[in-house]
Amino acid sequence: MGLLDILLGRTKPVAPDLDQLFALPSAAVTLEAAAGFRPTGSGAVCFAAVEGAAFEQTHREVQALLDADTEREGRPVELTRDGYGYSWLVSRRTPNQLPELVNDLHAVNSAMEVNGFGPQLLCSLAGFEDERQGRRLALVYLYKRGTFYPFAPVPGTAERRDNPLELRVKAALADDLRIEQDLNRWFPVWGAPGL
């Protein structure tokens with residue numbers, strides 16, 4: 001970063017650090033103790049739409065890699081598109097397999113990155129729920145920022161967030177995850193598969 005960048009207030013972009021995903025299992029313990037949310041076993045990786053043979057080959061490689069897991073039941077990774085045109089690779093595990101889910105998310109992100117699709121990666125998320133109160137929550141990892149934020153849709157409503165819950169989760173997980181401090185970057189992920 002040069003002197004002109006410093007004078008103009010420009011900052012160097014944060015490099016993605018996929019290893020941050022491995023902090024999710026310990027954060028899940030804190031999240032359950034602080035707010036009563038437990039893992040759902042679902043997670044997803046979101047990326048801008050990609051077409052072509054190179055992406056199809058990458059998707060087949062990821063599918064084959066995760067199919068090799070003999071402990072998994074059913075299809076390991078499902079490719080879907082949301083109503084906003086973004087693509088999602090969704091992984092489903094049992095709720096007690098959060099470390100394995102994190103490995104899946106890391107493998108999908110890494111395969112996309114290695115095959116040249118890093119610029120299209122947007123975020124990854126792991127789903128959590130409070131069964132007693134019927135609430136759901138996602139811990140969202142922003143690929144280009146290397147940070148997490150909570151996303152808590154209000155149950156039974158169309159596109160409303162539980163902002164007080166999100167702020168409580170932010171405070172509870174401050175020591176476990178690298179939390180995104182700019183609240184303007186806490187983008188809603190309405191209709192995200194895996195949530």
Side-chain angles (χ1 to χ4, degrees), residues 16-47 62-63 65-66 69 71-80 82 86-113 121-155 161-162 165-180 185-195:
D17 181 6
L18 292 176
D19 289 345
Q20 292 294 317
L21 291 169
F22 293 118
L24 279 171
S26 65
V29 173
T30 303
L31 185 58
E32 184 174 2
F37 283 87
R38 297 177 46 92
T40 62
S42 295
V45 176
C46 180
F47 52 93
V62 168
Q63 189 79 40
L65 173 69
L66 298 179
D69 183 354
E71 294 178 19
R72 182 193 294 276
E73 297 175 11
R75 290 187 65 187
V77 174
E78 169 190 0
L79 179 63
T80 65
D82 65 19
Y86 293 106
S87 298
W88 295 82
L89 281 169
V90 184
S91 178
R92 300 192 197 293
R93 295 280 190 161
T94 61
N96 64 340
Q97 291 183 311
L98 183 59
E100 290 85 351
L101 177 67
V102 168
N103 286 337
D104 292 348
L105 298 177
H106 191 277
V108 170
N109 276 289
S110 296
M112 296 279 290
E113 199 174 58
L121 286 168
L122 302 173
C123 68
S124 296
L125 64 83
F128 294 83
E129 67 182 333
D130 178 352
E131 292 177 351
R132 294 173 294 131
Q133 297 186 18
R135 298 182 302 175
R136 296 184 76 76
L137 170 81
L139 292 179
V140 181
Y141 175 74
L142 289 171
Y143 177 80
K144 291 177 175 67
R145 303 277 297 172
T147 56
F148 289 88
Y149 68 91
F151 173 69
V154 174
R161 296 169 79 161
D162 188 342
L165 174 61
E166 291 176 352
L167 293 174
R168 282 195 313 272
V169 169
K170 172 189 182 235
L173 297 180
D175 293 335
D176 293 288
L177 298 175
R178 186 185 299 164
I179 300 292
E180 176 58 52
R185 294 189 182 271
W186 289 23
F187 305 111
V189 286
W190 304 118
L195 175 59

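The distance from atom CG of Leu137 to atom CG of Leu125, rounded to the nearest 0.5 Å, is 10.0 Å. Annotation: the span from Phe37 atom CZ to Glu131 atom CD amounts to 11.0 Å, rounded to 0.5 Å. Atom CG in Leu18 sits 5.5 Å away from atom OH in Tyr141 (nearest 0.5 Å). Annotation: the span from Asp104 atom CG to Ser42 atom OG amounts to 11.0 Å, rounded to 0.5 Å.
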side-chain contact (heavy atoms from CB on, under 4.5 Å) evaluation trace for Leu173 with Phe148: CA-CA 10 Å; Leu173 297 180; Phe148 289 88; over 6 Å; no
Working for side-chain contact (heavy atoms from CB on, under 4.5 Å), residues Thr147 and Trp186: CA-CA 10 Å; Thr147 56; Trp186 289 23; over 6 Å; no
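With Tyr149 contributing its side chain and Phe187 its backbone, the two residues share a donor-acceptor pair below 3.5 Å. A distance-only check finds no donor-acceptor pair linking the side chain of Ser124 to the backbone of Leu105 [under 3.5 Å]. In this structure, the side chain of Gln97 engages the main chain of Thr94 through a donor-acceptor pair within 3.5 Å. Under a 3.5 Å cut-off, the side chain of Lys144 and the backbone N or O of Cys123 do not form any donor-acceptor pair.
Pairing each heavy atom of Pro193 with each of Thr80, the nearest pair is CG-OG1, 3.5 Å. Between Arg185 and Leu142, the shortest heavy-atom distance links the atoms O-CD1, 3.6 Å. Shown here for Pro95 and Pro39, the closest heavy-atom pair between the two residues is CB-O, 3.3 Å. Ala152 approaches Glu166 most closely through the heavy-atom pair N-OE2, 2.8 Å. When every heavy atom of Phe151 is checked against every heavy atom of Val189, the shortest pair comes out as CD2-CG2, 3.4 Å. The minimum heavy-atom distance linking Ile179 with Ala174 is given by the pair CG1-CA, 4.3 Å.
Contact check for Phe47 versus Val108: no side-chain heavy atoms found under the 4.5 Å cut-off. Between Arg93 and Leu98 there is no side-chain heavy-atom pair separated by less than 4.5 Å.
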Under 3.5 Å, which donor-acceptor pairs do the side chains of residues 21-33 form with other protein atoms, sequence neighbours left out?
from: Ser26; atom 1: OG; to: Ala23; atom 2: O; distance (Å): 3.1
from: Thr30; atom 1: OG1; to: Asp176; atom 2: OD1; distance (Å): 3.4
from: Thr30; atom 1: OG1; to: Asp176; atom 2: OD2; distance (Å): 2.9
from: Glu32; atom 1: OE2; to: Arg38; atom 2: NH1; distance (Å): 3.0

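Environment of CG in Asp19: crowded, with over 12 heavy atoms of neighbouring residues, nucleotides or ligands closer than 6.0 Å.
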